[in-house]
Amino acid sequence: MALARKAGRPPWIWDCEPPAASGLPGIQYVSDQAVTDAYRRMKVMQGFAVPRSGGLDCHGLTVEVAVERKLGLSGKPDIEAYGLERFNARCRESAMRHGDAFSDLSTRLGAWQDAECRTMEAAFIESVWSSLQQLFDAGLLERSHRVTTYCPRCQTPLSAYDLAHPDAHVNAGGSGALVRFRLAGVRGGANPRLHGADLLVWTTKPWRLVCNAAIAVHPHQVYALARQAGRDDRVIVAEACLADVLGDDWHVAARIGGAELAGASYHPVLDFAGADGPRPVVGGYFVTVGRGTGLQDLAPAFGADDLAAAVTHDLPVFDPILQDGRFAADLPIVGGAFFADADKIVTAALSDAGALVATRQHEDPSPQCWRCGTPLLSRALSAWYIRCTSITDKVRATRDRIAREPATGGDQRPADWTSDEADWVVSRTRYWGVPLPFWECSAGHLTCAGSLAELSELAGRDLAGIDPHRPQLDEVIITCPQCGAPAPRVPEVLDARYDAGWMPFARQRQAAGTALGSDNGPQARVVAADAGHANGWLAAAMTIGAATPGRPAFSSVLCLGAVLDDSGRTMSRRLGNLVEPLPLIERYGADAVRWFCTVSAPLSAPKALSEAELEHIAGTVLGTYLNTAAFFLDFAQTAGRPASTGSQDGLRAPPPSARPLADQWILSELQMLVAEVTAGLEEFKTAAAGARIAGFLDALWTWYVPASRGRFGDGARTVGGAAAMATLRDCLDVLTRIMAPITPFLADYVWMRLQECDGRPGAPDSVHLTSWPAADEIPGLPAGLREQVAAQLNVRSVQIVSPDQEPTLVSADAGSESGRPRAGWAIATEGGEMVALDVAADL
Ligand SMILES: [Zn+2]
Ligand SMILES: [Zn+2]
């Protein structure tokens, strides 16, 4: 069978981004599958060993949130009341159901695919563990206390990719506050006029003032002690922002360097922290003057710069916000309020205290969780990080080893090509994911298990059959190898983006049959990624490759264009313009949909899905192919077949060079078709290949067949008829083989009918068992045919001009793709071919 891998065949691997089983498959999946399958089929026909592995991303918060909605739950307390084991069982069922829908759709589409590698399978989880162990041993995976993005409803840290998701920044703008803080003291030797002045701070998040620990100034910035005519008020702002912040009727009474201001202290306006007395003004190079006052409030639990300054200046880290995003109930003024709703409450309190100078609207985006729509919080918490920033050079070197297909030249990279600019927070304080394989004793010794066998040894019992998910795995307590104390598992699970990014490596190990931990599997030749990059799979795969095996999972990457709706808009649930794939397949056939996805537009370009286009493909392109085949079969049955094709009921067809000119012409076109379609597909220029096939079908059906109709009528009773039958049979044979990867159902149907009616000895029963056609040498156009064409066109002669002679006919013209014709000539181009006509009348 074609599917059986034959020993000694070179491997050719096309890998693909695993789709997420958090919902039903959409048209984008169909498109990616159609392209993947077309290439796999072509490469099998060319004699390569082509694995047909598929993958499915089954874990993660997206699955959890969908299941929460379905069960009418929201948030961790609900889930825990429902029961973690039951909840994860529902998540597994949901992933299975969606996974089966993906498999069914692949089958309906005719895509060759083995059972997919599903990320929730125990073997896959063990493979992930082994990679995490490698990272941990290399010091690239660590737990640390940092400020990261946090969703208060999902109650978990999120990564930069969750922030970059198209639905993450929905709300922009809000009301900010300009607040004054009375200076309490200044450092020795500072300008005495500072006494009694106010520090002006602008904040777009007034709730942060509840947790205020200090005010930062830039040490190199010049600050103005500003005064308003006729008033005693003195305020301090960066001189550069004076007019913007206060208007024109304030003047500079004195200038103070930022370094001189640092070391002063101020009185808090709202003292929630319970720390009596003044707070410090500290220096910080992170302070900007662009949109604020050049003075920045610090809330160390809620900002990365704030937390770093707290470490430097030994500031208290006050975090009164609970896991659900609400302020602790016993806090004055804001107790029990959701953090994002506390802005108004705090602003009113500032006003009551006489500290509010002004409120102003701002346009800053307020990031929201793309899954649940809840405002996100930046907060300091303990989480697990992959230290991407410590291997930046390695990530870049890995990236540079990967080619982009089609080769575009230059440095055009996919949007999420690399993620070496920030460490990757990979832990989620959630339920349905790969449990982090770390066990920790009360002394803080961490032990990492790279497999269930290793874990069994650590636990002192056989865990081979265990479901390595929560809560089953949480029940496994090991004995700490360092101190002998009992060590439970850390509670976190893994970001599902890691699972997906690890998948190509897991599959390569599997393909090589190597033990876990070895990386000798064959590398994918091409990996196809979704142009949307919504989940950052490419970057995840690249980062993981640089960090553990030290090599990319693939040698080249092809970003497949998004399928848009018929008015060119991105399809999304929010816009309500999602197209269901199955009804389309039922209406137009899997082959028409595959043709649309594969060869109707350049692979990397977005393509608008219109039913008119599918109708054209099904009716015109594929219809022409079927009509031509039916025409041949009809005449072969009624008028007989030539002897040369294996039957004995007619005359033998002469060799091609002795056949009529029309036959010679269409056969030369056929050779060009093979050469150009092969080159187009090899170079991932599929639209050109599709246009070439459609053009050939048109020429065959609308020109060759009518022009030879008389001879077909003779059938194999005359030499001319036998030649026409043999010629058309040759064309159908080759066409069917080059269409097989794109339209596998129709091509196989035609192949079987041709075999039944006019079988060729030794030919396989299915077109998918044949080999890819090789282009024979292409004859030039026969002189006799050129004369015939010239006579039909009423011109003196027809000459074939090679591309390097074209410039003699065309003047360069930057404004036009084909240039301007030289004086006295007219030119026309179509499908990459140019016709030039000397328009001078030859009288
Ligand atoms: Zn959320
Ligand atoms: Zn220990």
Side-chain angles (χ1 to χ4, degrees), residues 175-187 190-191 193-228 233-247 250-271 273 278-300 302-310 312-313 315-316 318 343 346-347 350 353-360 362 364:
S175 178
L178 187 63
V179 188
R180 63 203 301 163
F181 292 88
R182 177 63 44 88
L183 271 182
V186 296
R187 66 194 289 173
N191 191 329
R193 296 173 74 183
L194 286 171
H195 286 288
D198 288 339
L199 300 169
L200 278 197
V201 170
W202 161 251
T203 176
T204 57
K205 298 185 180 88
W207 67 261
R208 279 169 47 102
L209 296 176
V210 172
C211 316
N212 177 255
I215 288 172
V217 293
H218 195 293
H220 295 165
Q221 193 64 43
V222 175
Y223 289 84
L225 181 68
R227 201 169 175 150
Q228 200 173 18
D233 272 10
R234 282 162 303 139
V235 298
I236 297 164
V237 292
E239 187 179 7
C241 354
L242 178 65
D244 280 350
V245 174
L246 294 170
W250 288 72
H251 67 274
V252 180
R255 288 185 174 80
I256 310 111
E260 189 181 347
L261 208 50
S265 61
Y266 65 94
H267 295 289
V269 184
L270 307 169
D271 192 2
R279 311 257 161 89
V281 177
V282 300
Y285 290 99
F286 55 85
V287 176
T288 56
V289 294
R291 289 175 305 155
T293 61
L295 293 100
Q296 201 167 309
D297 69 292
L298 297 184
F302 302 100
D305 291 332
D306 312 50
L307 186 63
T312 308
H313 301 285
L315 304 173
F318 179 51
D343 282 340
V346 171
T347 306
L350 290 167
L356 185 69
V357 178
T359 57
R360 278 174 201 165
H362 66 84
D364 286 5

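For reference, positions follow the sequence shown, starting with 1. As the structure is a prediction and not an experimental result, all values here were calculated from the model.
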Checklist entry - Given the rule in the side-chain contact (heavy atoms from CB on, under 4.5 Å) test, do Phe181 and Asp297 qualify, once you have shown the distances and angles that lead to the verdict? => result CA-CA 10 Å; Phe181 292 88; Asp297 69 292; 5.7 Å; no
- Can you establish whether the number of heavy atoms outside Arg360 located under 6.0 Å from its atom CZ is more than 12?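 Yes, because the 6.0 Å sphere around CZ of Arg360 holds more than 12 heavy atoms from other groups.
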Could you check whether any side-chain heavy atom of [X] comes within less than 4.5 Å of a side-chain heavy atom of [Y], counting everything from C-beta outward?
X      : Y      : answer
Lys205 : Phe302 : no
Val217 : Leu199 : no
Asp233 : Asp198 : no

Quick one: does [X]'s side chain have a donor or acceptor within less than 3.5 Å of a partner on [Y]'s backbone?
X      : Y      : value
Arg180 : Gly354 : no
Arg279 : Asn212 : yes
Glu260 : Asn191 : yes
Thr293 : Leu200 : yes

Which heavy atom of [X] sits nearest a heavy atom of [Y], and at what distance?
X      : Y      : value
Ala213 : Pro280 : O-CD, 3.6 Å
Ala253 : Arg227 : CB-CB, 4.4 Å
Val210 : Phe318 : O-CE2, 3.7 Å
Leu295 : Val287 : N-CG1, 4.5 Å
Ala262 : Gly283 : CB-N, 3.7 Å
Gly294 : Val289 : CA-CG1, 3.7 Å

With rounding to the nearest 0.5 angstrom, report the [atom1] to [atom2] distance, [X] to [Y].
X      : Y      : atom1 : atom2 : answer
Ile236 : Leu194 : CD1   : CG    : 5.0 Å
Leu298 : Ile215 : CG    : CD1   : 8.0 Å
Arg208 : Asp306 : CZ    : CG    : 4.5 Å
Leu209 : Leu270 : CG    : CG    : 7.0 Å
Leu225 : His251 : CG    : NE2   : 9.0 Å
Leu183 : Leu261 : CG    : CG    : 7.0 Å

What do the steps show when you test Val252 against Leu242 for side-chain contact (heavy atoms from CB on, under 4.5 Å), and what is the final call?
CA-CA 9 Å; Val252 180; Leu242 178 65; 3.6 Å; yes
How about Tyr223 and His218: are their ring centroids closer than 6.0 Å?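 No, they do not, as the ring centres are separated by 6.0 Å or more.
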Who passes salt bridge (charged side-chain N to carboxylate O under 4.0 Å, His left out) against Arg234, sequence neighbours left out?
->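 Scan of Arg234 (salt bridge (charged side-chain N to carboxylate O under 4.0 Å, His left out), adjacent residues dropped) gives none.
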| field | Working for side-chain contact (heavy atoms from CB on, under 4.5 Å), residues Trp202 and Asp244 | value | CA-CA 12 Å; Trp202 161 251; Asp244 280 350; over 6 Å; no
